[in-house]
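One structure is given here, and the rest of the page talks about it.
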Amino acid sequence: MDIIEIDENDENYPIRLKITKQHPKVIYALGNIGLLESKNTVGIVGSRDCSEYGRKVTDLFSSKLSRKGICIVSGMASGIDTHAHNKAIENAGKTIAVLGNGFDYIYPPENEWLFHKILANGGCIITENKKDVKPDLSKFPKRNRIISALSDAILVVEAQYRSGTSVTVKYAKEYKKTVFAIPSNIDSTKGVGTNRMIAEGALLTTKPEEIIDSLKNAEYSKEEIPNEYKNILNIINNNPMNINKIAKKLCMKIQDINATITMMELEGYIIKNDKNEYQRGK
Amino acid sequence: MYKLMCQQVFQVGNVFGLPDTSVKESKERVRTAIKNSGYQFQSRKIVVNLAPADTKKEGSIFDLPIAIGILINFEEIKCTNLKDTIFIGELSLDGKINRVNGVLPICIEAKKLGIKKVVIPKENVNEAAIVKGLEIIGANNLKEVALYLNNEFNIEPEKIDIEQIFSTSKKYVLDFSDVKGQENIKRALEVSAAGGHNCLLVGTPGSGKTMMARRIPSILPDLTFDEALEITKIHSVAGVLTKNTSIKTERPYRSPHHTISITSLVGGGRIPKPGEISLAHYGVLFLDELPEFNKNTLEVLRGPLEDRTVTISRVNASLTYPCNFMLVASMNPCPCGFYGSKEKECTCSNQAIAKYMGKISGPLLDRIDIQIEVSPVKYDKLQNDEKIESSQEIKERVNKARKIQIERYKDYGIFSNSELNPKLIEKYCKLGEKEKKILQDAFEKLGLSARAHGRILKVARTIADLDEKETIETKHIAEAIQYRSLDRKYWKN
């Protein structure tokens, strides 16, 4: 795979990044650069040394957001970043990794698998550094501004006191992005930073839906109702109905209706009541 | 197979070689039978040894060989070339040879040992005749056997046409064409039958659970010869074969009452005999009113449902019987029976319902692939005369799906999707990205328990087989999810 060089005057240069003051003159990218202009992006960041709780929450948020078609932006570091990318891929979602070094190096080395997994599954990896720039922890906070710039909202899962994550949040505030933070126990050292962010005005969040709703382009997820769904909804109307009756009214085979009903139930169009009948969902 | 030696030593007989009571008693039966067959019982001591001497022998099947041994000794029977011949049979006092249990497995074993000829009670010939390559001689009484061996009387070896027995179509009195409405339940049972999946029907009294369960035999896939032989062996050992049956051509359907004991369910006894679960091997075990069964009795099903064999250990013997059955169970949704009913108000408290449902333990529930809720059919629906699919039509689809499975799993020694282990599930129940996503959504939205995962995959595989599709598609997985929907309503864990 070839490295794509995108100049700031290039039409492929991501608009979100361009409008920030400190944007790099050139970015280098691998993979699907189309993702850089995704309709909705959420940056998921957090400490490298995360707790089990942090991992669980990251998995949950990343999966749900990915399944809504939201692109997950993170830094491919160990801990929270790794889980955020990985879950996005596992849920057939989109993800962008922003590196703090050149493409000659993969940092951290143990994440080589993730590097390839992101590329193999249609993700995108970018950096502002030339190929031969070595990973240097002191330079990493700089790349956090790119993560902030590319994301419509930032979710901080776990952050220790004065960590790289606070840099991301600092930029996010500067760029006027919404910052969400996951609350931690007050005695958890891993969550001191996040709790502090909440105290300083970050939005406390416990549900992925809250983030989805906050996104400007959230209305995109409203799809056309498929015709076969419409038929069933018309038949049910305000009259809860047994599956056999629905099948009969539509002259459908029971095996087909079984499948359709399950899909409708999963997508929230209908719900099953106590009486073994289906009614319209909310 | 035991060797028999008779030697004349002084008077009065004695039987050696670890005989049990029924074998010891045989000396009296044999003596009388010989006398009543018109032979002189010479008064001298006879020693009968059953070799090898260190194995326990049980049952009355040694009467005939002992009698033959003695008659040879008395030189009443001149033929001495009895190599490769075995005798099985119980004698009554008048010399008649009575029917015994377990002839089929003995004959199968005999054939393996290179035996050419078996002499057995006339009433047992039908079951023994299915063993190819054995000369089956059915005798009515001791005299007949003696004359036969002396070449003074001819008995034609029994021959049976297995093909013909298998090809005669079976008629079922109970047919699914009697069931009006309930299409979704019929479909669920069709899937169950095709893949051998365990199935639980939950519904209010009178909704037709038992009625439909009784009709399951009419849609079960045809037996293969190997399956039939195995079933017949077990039934032969248990002594429940009827006189005229040579081989079981129908899958067994056992429906024990809920007062059944653990021993009669899984098998047992001093020398363990097969229980209901083994008698239901390759067939259906129907447990009506599941929560009424003793909780401990139900729990013992867990192992056999998983292993598909049961090992019963007693002091005298430890035996393993196969029990690869399809469990079909029915139950009410609550103690009063009307929870979720439209016609009647349920009077049970939440705790009462939870307690009732709690009688079915999670691990047991885990092993039931398909759970479905039965709603009663309205009176007006019972009245219309629409054409209803007959069992025969359903069975054809089931047969087709089962053939696909047998072909697919021929290297693994299993017959159906329900027997898949995690490794095989991974191999044969692969899902595409889209299907995976649906399954994941289902787990979150419908609150399915993690244990449902493998079950759904197996059922989806069967649905795809019924559809004659190589890969599991979205609609297959969606339908399979439908059959797990009870998890969240009743068992909220």
Side-chain angles (χ1 to χ4, degrees), chain A residues 59-64 66-69 87-94 120-122 207-209 226 228-229 239-279 281-282, chain B residues 180-188 190-191 202-204 207 333 338-343 346 372-378 381 384 386 389 397 432-434 436-446 456 460 463 466-467 473-486 488-489:
Chain A
D59 285 357
L60 171 74
F61 277 72
S62 181
S63 315
K64 288 247 169 144
S66 300
R67 267 188 254 158
K68 283 285 170 193
K87 275 293 154 185
I89 297 165
E90 280 181 10
N91 287 283
K94 301 179 266 187
N121 290 283
K207 287 193 197 92
E209 286 76 17
E228 47 182 337
Y229 289 12
N239 202 358
M241 210 175 274
N242 183 287
I243 193 165
N244 288 325
K245 205 164 169 190
I246 303 174
K248 191 165 245 178
K249 289 214 167 171
L250 284 174
C251 294
M252 274 173 87
K253 274 198 192 144
I254 193 75
Q255 52 262 51
D256 298 331
I257 197 118
N258 262 336
T260 316
I261 288 277
T262 310
M263 293 308 294
M264 289 178 75
E265 209 179 348
L266 289 181
E267 285 163 31
Y269 290 108
I270 50 170
I271 45 176
K272 196 179 187 186
N273 66 16
D274 267 359
K275 306 205 183 320
N276 199 14
E277 292 171 328
Y278 291 93
Q279 61 190 50
K282 280 160 235 155
Chain B
K180 302 206 170 173
Q182 306 288 25
E183 288 82 7
N184 61 331
I185 314 295
K186 287 191 216 169
R187 167 71 180 171
E190 175 183 334
V191 176
V202 182
T204 53
S207 54
F338 290 98
Y339 177 56
S341 158
K342 279 171 100 177
E343 281 77 32
C346 168
I372 192 152
E373 210 168 2
V374 189
S375 296
V377 178
K378 290 223 186 69
K381 214 171 176 186
N384 72 29
E386 248 170 76
E389 214 176 17
R397 290 197 296 269
E433 285 303 325
K434 217 171 147 201
K436 263 188 203 153
K437 198 166 163 259
I438 292 175
L439 195 52
Q440 208 151 21
D441 274 350
F443 272 86
E444 280 164 25
K445 283 235 175 91
L446 306 182
I456 290 179
I463 295 171
L466 277 167
D467 212 10
E473 294 169 12
T474 27
K475 60 174 185 178
H476 303 141
I477 199 94
E479 195 185 346
I481 292 167
Q482 184 79 35
Y483 299 132
R484 286 304 294 202
S485 56
L486 284 182
R488 72 199 131 126
K489 183 166 169 189

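What you see is a predicted model; the values in this text were computed from it and never measured. Throughout, protein chains are lettered first and strands after them, A, B, ... in sequence-line order, and every chain is numbered starting at 1.
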Let me confirm one number: the [atom1]-[atom2] distance from [X] to [Y], rounded to the nearest 0.5 Å.
X: A/M252; Y: B/E183; atom1: CE; atom2: CD; value: 13.5 Å
X: B/I477; Y: A/M263; atom1: CD1; atom2: CE; value: 10.5 Å
X: B/K475; Y: A/T260; atom1: NZ; atom2: OG1; value: 9.5 Å
X: A/E90; Y: B/E433; atom1: CD; atom2: CD; value: 9.5 Å
X: B/T204; Y: A/K275; atom1: OG1; atom2: NZ; value: 11.0 Å

**Prompt:** Among A/N258, A/I257, A/N244, A/I243, whose side-chain contact (heavy atoms from CB on, under 4.5 Å) with B/R187 holds?
**Reply:**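 Among A/N258, A/I257, A/N244, A/I243, the one that satisfies the side-chain contact (heavy atoms from CB on, under 4.5 Å) with B/R187 is A/N258.
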
**Item:** chain B contact via A/K64 - side chain, backbone, both or neither, heavy atoms under 4.5 Å
**Value:**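 Answer is side chain: those atoms of A/K64 sit under 4.5 Å from chain B.
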
**Item:** Partner set under salt bridge (charged side-chain N to carboxylate O under 4.0 Å, His left out) for B/E473, not counting sequence neighbours
**Value:**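 Applying salt bridge (charged side-chain N to carboxylate O under 4.0 Å, His left out) to B/E473 gives none.
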
For a quick test of reading the model, state the closest non-hydrogen atom pair linking [X] to [Y] and the distance between them.
X: B/D441; Y: A/R67; answer: OD1-NH1, 2.8 Å
X: A/N276; Y: B/S375; answer: ND2-OG, 2.8 Å
X: A/A259; Y: B/A478; answer: O-CB, 3.5 Å

**Asked** Between B/Q482 and chain A, which part of the residue has a heavy atom less than 4.5 Å away: side chain, backbone, both or neither?
**Response**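 Both parts, backbone and side chain.
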
**Prompt:** Listed by chain and number, what are the side chain to side chain contact (heavy atoms under 4.5 Å, CB included) partners of B/T474, not counting sequence neighbours?
**Reply:**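 Side chain to side chain contact (heavy atoms under 4.5 Å, CB included) check on B/T474 returns B/K434, B/E435, B/I438.
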
**Message:** A side-chain contact here means heavy atoms from C-beta on lying under 4.5 Å apart; do A/Q255 and B/E190 qualify?
**Reply:**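 They are not in contact (no side-chain heavy atoms under 4.5 Å apart), so the answer is no.
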
**Request:** Apply side chain to side chain contact (heavy atoms under 4.5 Å, CB included) to the pair B/E373 and A/K272, showing each step before the final yes or no.
**Result:** CA-CA 12 Å; B/E373 210 168 2; A/K272 196 179 187 186; 3.8 Å; yes

